[in-house]
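Read the structure below first, then the notes.
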Number of protein chains: 2
Amino acid sequence: MKQLPTNEILVGDCIELMNQLPENSVDVVFADPPYNLQLRGDLHRPNNSKVDAVDDAWDQFDDFAAYDQFTKAWMSAARRILKPNGTIWVIGSYHNIFRVGNELQNQGFWLLNDVVWVKTNPMPNFKGKRFTNAHETLIWASKTEKSKYTFNYEAMKASNDDLQMRSDWVLPICTGHERLKGEDGQKVHPTQKPESLLFRVLLSSTNPGDVVLDPFSGTGTTAAVAKRLGRKFIGLERDETYAAASRERLRQITDLADKEALQVMQSKRKEPRVPFGRLIEEGLLHPGDKLVSPCKKYVAKVRADGTIMTPKHTGSIHQVGAAIQNAPSCNGWTYWNLQSDGKRKVPIDLLRQKIRSDMQPRMQ
Amino acid sequence: MKQLPTNEILVGDCIELMNQLPENSVDVVFADPPYNLQLRGDLHRPNNSKVDAVDDAWDQFDDFAAYDQFTKAWMSAARRILKPNGTIWVIGSYHNIFRVGNELQNQGFWLLNDVVWVKTNPMPNFKGKRFTNAHETLIWASKTEKSKYTFNYEAMKASNDDLQMRSDWVLPICTGHERLKGEDGQKVHPTQKPESLLFRVLLSSTNPGDVVLDPFSGTGTTAAVAKRLGRKFIGLERDETYAAASRERLRQITDLADKEALQVMQSKRKEPRVPFGRLIEEGLLHPGDKLVSPCKKYVAKVRADGTIMTPKHTGSIHQVGAAIQNAPSCNGWTYWNLQSDGKRKVPIDLLRQKIRSDMQPRMQ
DNA sequence: ACGTGATGTGAATCGTAAG
DNA sequence: GCTTACGATTCACATCACG
């Protein structure tokens with residue numbers, strides 16, 4: 001294949017398709033490979049509805065060895081077609097990202113950043129057995145240590161209130177109108193990524209006219225954002241249904257650099273939430289400290305987990321405050337005060353203020 | 001070594017020291033291994049001051065193979081001494097975390113979460129060539145897939161304003177008076193972790209009295225927090241200077257006399273089981289009483305043996321509740337309500353709570 | 001039109017003690 | 001080691017029905 005087939009979605013095995021492309025011809029590869037989730041049984045929500053899990057055939061591998069072999073194969077094929085100064089992005093979760101990152105380093109890619117996509121609205125952990133899995137990880141790497149790669153530092157900084165763009169990106173998952181639905185109203189693809197994520201990826205690491213290749217194109221989010229941003233794209237997808245959906249999606253995109261898309265990037269600056277437990281973690285309060293009510297009539301003891309305890313009640317600062325006053329609710333932050341020996345009592349809200357002011361330089 | 005040397009900082013090679021400890025004897029391992037930073041030359045700030053980089057000998061490895069060999073060695077030694085139901089935490093950056101996570105999976109550890117420590121105050125990227133490296137990654141894994149590991153779900157939720165604790169932790173880096181300084185005013189250790197980070201690690205995954213081992217103890221942050229939280233610790237450190245600094249640090253921490261403050265919110269799962277039949281034995285319910293579903297659509301009759309009966313189903317409160325709703329399962333305690341004549345309906349879970357509170361004076 | 005409450009859903013390695 | 005039965009467990013949004 002002499003001519004690079006840009007702005008197309010090609011159907012077939014991504015490794016075979018990449019092997020047909022000329023070497024050193026692509027500026028950026030964005031890859032969203034199967035995560036190898038290794039799910040065991042069904043999972044039900046507290047209301048007994050069944051979680052619609054990713055149980056597709058394409059995410060099934062016999063073991064780590066099989067997954068590693070697959071990773072090695074597609075990644076070396078991608079490496080061949082990547083320009084010497086090109087970069088690669090790979091997204092994954094803890095199920096697969098350590099296999100991926102390991103192989104990237106083994107193949108000689110030079111890691112530039114790992115970026116965490118912090119989800120504003122992740123699925124909760126229904127059984128209460130782990131931390132809510134609220135993020136995914138992207139790895140950004142250049143082809144070699146010496147690569148003169150593209151990083152649009154100023155554009156990133158400008159889109160982040162003139163603060164350097166950080167390695168933690170807080171973005172919502174793909175829902176609503178953006179989520180492709182079939183005629184049955186069901187989602188077309190189980191793992192469609194939000195355009196805002198790809199927008200930041202492509203805006204940061206490509207120039208207009210660059211060629212972006214996605215070996216696991218799915219419903220074509222990478223292609224769609226590339227088109228909006230005036231980049232050339234090559235989408236490789238094994239499933240004809242996904243490819244058809246993405247072609248239709250691309251057909252509806254006409255404008256380059258739609259201003260509306262830019263607005264997705266603007267981070268909302270709101271006051272950071274500081275849970276009561278943080279005061280203890282930060283050492284502003286200690287387990288065993290005494291909190292007193294405004295009139296000092298009630299005393300509560302602070303426990304290690306951020307709950308407080310009176311002779312009759314145990315729970316959060318809000319719950320206990322409400323219970324004591326026999327009220328439906330209570331703002332524990334303003335109700336409770338720290339009473340240190342020989343000192344004046346201090347509302348715990350002041351301690352929260354202190355943490356917030358320490359957080360102020362935080363870029364986002 | 002027969003006796004486990006708890007609440008000590010041992011000086012020496014961590015692999016040799018771990019090999020002397022009895023197998024299956026440690027509840028949690030927290031490891032902060034060298035990051036293998038692979039720095040090339042000095043880095044200067046815009047004002048030309050030199051960045052005090054981590055260039056210590058302990059962070060130098062010839063290549064990935066050497067680092068992998070090192071990782072394999074300390075991790076298998078840690079695995080041996082870890083209890084079957086124990087968990088391991090490892091913290092790292094993109095330089096090493098993919099080697100670490102890969103090896104954890106290879107050794108049969110079962111990944112429970114990856115957690116990102118999002119720094120409120122990271123060092124900026126001075127050259128403007130990458131995203132500000134604003135996070136580090138922790139991996140939390142159990143010894144095997146079948147391990148019955150400790151996760152204090154309720155405590156985490158309580159300390160996060162009654163919302164599930166997520167996998168992204170926003171915490172400041174270690175600065176100020178918490179940062180250990182030598183007589184020269186210089187920081188004692190280049191990568192001292194904040195106590196707030198270890199606080200959350202230990203509170204979430206250990207119980208009071210558990211043994212926590214840190215093979216790369218450094219200035220003893222893990223030990224210090226363990227002591228504060230009433231956990232036993234074993235710190236292993238090769239450098240006598242670091243060990244001495246951590247011993248002095250530990251000396252200044254007094255044991256918390258108030259054990260009650262270390263109690264955390266318990267899961268309902270850990271409360272004593274009360275069979276439904278007990279309500280009848282205790283006379284809180286009587287054979288023939290009527291139970292109603294939440295919307296009062298269904299009525300069931302209580303029988304003497306603790307089963308309930310509707311026109312179509314007979315069995316336990318759970319079985320009948322599930323059958324009626326055509327659900328895979330049902331918590332009969334919260335589903336069924338006692339409907340006494342002319343009175344408001346009462347969830348039978350309230351009757352259970354009455355029995356539980358009569359069983360033992362409230363411990364929390 | 002606007003507000004309110006009910007319902008649905010998202011890359012998920014999601015239980016455990018008793019017999 | 002196995003089976004059986006208990007019974008614990010959700011956050012942020014988007015959509016839609018209803019008033």
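In what follows, every chain begins at residue 1, and chains take the letters A, B, ... in the order their sequences are listed.
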Would you say [N] has OP1 or OP2 under 4.0 Å from some side-chain N or O of [X]?
{"X": "B:Q319", "N": "D:dC6", "value": "yes"}
{"X": "B:K270", "N": "D:dA8", "value": "no"}
{"X": "B:Y153", "N": "D:dT10", "value": "yes"}

Could you state the interatomic distance from CD1 (B:I308) to CG (B:L291), rounded to the nearest 0.5 Å?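 One finds 5.5 Å between CD1 of B:I308 and CG of B:L291.
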Which part of the nucleic acid, if any, lies within reach of [X] when heavy atoms closer than 4.0 Å are counted: base, sugar-phosphate only, or nothing?
{"X": "B:L111", "result": "base"}
{"X": "A:N125", "result": "base"}
{"X": "A:K193", "result": "base"}
{"X": "B:P275", "result": "nothing"}
{"X": "A:T132", "result": "nothing"}
{"X": "B:E154", "result": "sugar-phosphate"}
{"X": "A:K127", "result": "base"}
{"X": "A:C174", "result": "nothing"}
{"X": "A:P33", "result": "base"}

Taking any atom closer than 4.0 angstrom to a non-hydrogen atom of chain A, what span of DNA chain C does the protein reach, first nucleotide to last?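 Range of nucleotides within reach of chain A: C:dT9 to C:dT16.
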Would you write out the dot-bracket form of DNA chain C, 5' to 3', with Watson-Crick and G-U pairs under 3.5 Å, [ ] for crossing pairs, | for pairs to other strands and . for unpaired bases? .|||||||||....|||||
Hey, is CZ on A:R179 packed in by over 12 heavy atoms from elsewhere, all under 6.0 Å?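 Result for CZ/A:R179: enclosed.
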Verify the neighbour count for atom CZ of A:R40: are there more than 12 heavy atoms of other residues, nucleotides or ligands below 6.0 Å?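 Correct, the count exceeds 12.
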Any N/O donor-acceptor pair, B:S329 side-chain to D:dA8 base, under 3.5 Å: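 By the distance-only test, yes, there is a pair.
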For A:R130 and D:dT10, give me the distance from atom CZ to atom C1', rounded to whole Å.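 Interatomic distance, CZ of A:R130 to C1' of D:dT10: 16 Å.
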Within residues 91-104 of chain A: residues closer than 4.0 Å to DNA chain C (heavy atoms):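 A:Y94, A:H95, in order of number.
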Those residues of residues 36-44 of chain A lying under 4.0 Å from DNA chain C by at least one heavy atom: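 When residues 36-44 of chain A is checked for heavy atoms under 4.0 Å from DNA chain C, the hits, listed by number, are A:L37, A:Q38, A:L39, A:G41, A:D42, A:L43.
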Is the backbone N or O of [Y] less than 3.5 Å from a side-chain atom of [X], with the two atoms forming a donor-acceptor pair by type?
{"X": "B:K143", "Y": "B:R79", "result": "yes"}
{"X": "A:Q192", "Y": "A:E178", "result": "yes"}
{"X": "A:Y67", "Y": "A:P34", "result": "yes"}

Sorted by number, the residues of residues 45-67 of chain A with heavy-atom contact under 4.0 Å to DNA chain D: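 Those residues whose heavy atoms fall under 4.0 Å from DNA chain D, taken from residues 45-67 of chain A in numerical order, are A:P46.
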Near DNA chain D, under 4.0 Å by heavy atom, which residues of residues 160-169 of chain B?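 Nucleic-acid contacts, sorted: B:D162, B:L163, B:Q164.
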For C:dT7, does the glycosidic angle fall within 90° of 0 (syn) or outside that (anti)?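 Here the answer is anti: the torsion falls beyond 90° from 0.
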Given DNA chain D, 5'-ward residue of the pair A:P122 and A:T175, judged by closest heavy atom: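 This one resolves to A:P122.
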Comparing A:K181 and A:N121 on DNA chain D - which has the more 5′ nearest nucleotide: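 Its nearest nucleotide being more 5', the pick is A:N121.
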Would you please say whether a donor-acceptor pair under 3.5 Å links the side chains of B:H135 and A:S167?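 Yes, because at least one side-chain N or O of B:H135 sits under 3.5 Å from a partner of the opposite role on A:S167.
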